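Everything below concerns the one structure shown next.
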Amino acid sequence: MNNYETRDNVAKTTAQSPYLFSRKDENHQTTIPIGNTVVGGDKVLFFAGPCSVESRQQIMDIAYELKEAGATALRGGAFKPRTSPYSFQGHEEKALEWLCEVREKTGLAIVTEIMDPQLVPVFEQYVDILQIGSRNMQNFVLLKAVGKSKLPVLLKRGMSSTIHEFLLAAEYVLSQGNPNVILCERGIRTFENATRNTFDINAIPVLREKTHLPIIADPSHGTGNAKYVLAVSRGAVAAGADGLLVEVHFSPDDALSDGDQSIQPQEFRLLVEQINSIAHAVNRTI
Ligand SMILES: [Mn+2]
């Protein structure tokens, strides 16, 4: 038996596991500064934006809408990991410049996905939070690279990963010296095909028990369908999520990616209103 297996078995069989992600007691909770607030505290935060940054005008207009509605962070893809190499791949570094401008004008924190470990210094010039996408959850070279960054990391659960594998991916980042990891449940692959993924609501209380790291929920990818986003958002916050990551687009039918699951700004405002009620019911605020 090698070292890693030993550590794994210890983690599974004892309450006091040796991992950096492990919760020591019920008051052990990491909070991570975002803009002028924190994630992991009493407030439920909204991370929102279009799946892809499509143009300077688009991202600027939606940012003002989202800020007005109560979002803390703008999330938009500059580098897009698409299933097909022929799908829109993102505006890349130009989009990072637009996002940076959005931050200056609106005060929203910027979250965007990084795919290339060599680009960490470039992203650090433009954004506030580095997102690791579902498809890269076990890209260990990338995890180690963002683990050496000073920026918080928003780590999405791999679509076919167990909760334990998800936490070990977070451990890669923590082990490199970066303590600021936000976990994101975004749905997993199951036999069910009525929705794009199966949002794993169980993961929220399970993660809460096992780790002190903040946990947010992505009902957009979790369902793949705008019709279900509000209901699953309510469920996630009721289950204890520290925030929501929601795709919002002015004209979902014309979106360059993930239009089917994008809600419109007026639905986002309704979502915030509904989450306000749910948050209060579980002793949180928005
Ligand atoms: Mn998307």
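Counting convention: from 1, in listed order, for ligands and their atoms alike. None of the values given here were measured: they were computed from a predicted structure. This chain uses plain numbering: 1 for the first residue, then up along the sequence.
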task: Check Glu247 and report its N/O/S atom nearest to the Mn ion (ligand 1), by atom name.
output: OE2

field: Atom of Asp258 closest to the Mn ion (ligand 1), considering N, O or S atoms
entry: OD2

task: Determine the interplanar angle of the Phe21 and Tyr19 rings, folded into 0 to 90°, and report it as parallel if under 30°, tilted if 30 to 60°, perpendicular if over 60°.
output: parallel

- request: Looking only at N, O or S atoms, find the one in His221 nearest to the Mn ion (ligand 1) and name it.
  value: NE2

- prompt: Just by distance, with hydrogens left out, do Arg196 and Gln261 show a side-chain donor and acceptor under 3.5 Å apart?
  reply: yes

query: Quick one: do the Thr195 and Thr223 side chains pair a donor with an acceptor below 3.5 Å?
result: no

- request: Kindly indicate, with the supporting measurements, whether the criterion salt bridge (Lys or Arg N to Asp or Glu O under 4.0 Å) is fulfilled by Asp128 and Arg75.
  value: CA-CA 10 Å; Asp128 301 289; Arg75 181 256 187 188; over 6 Å; no

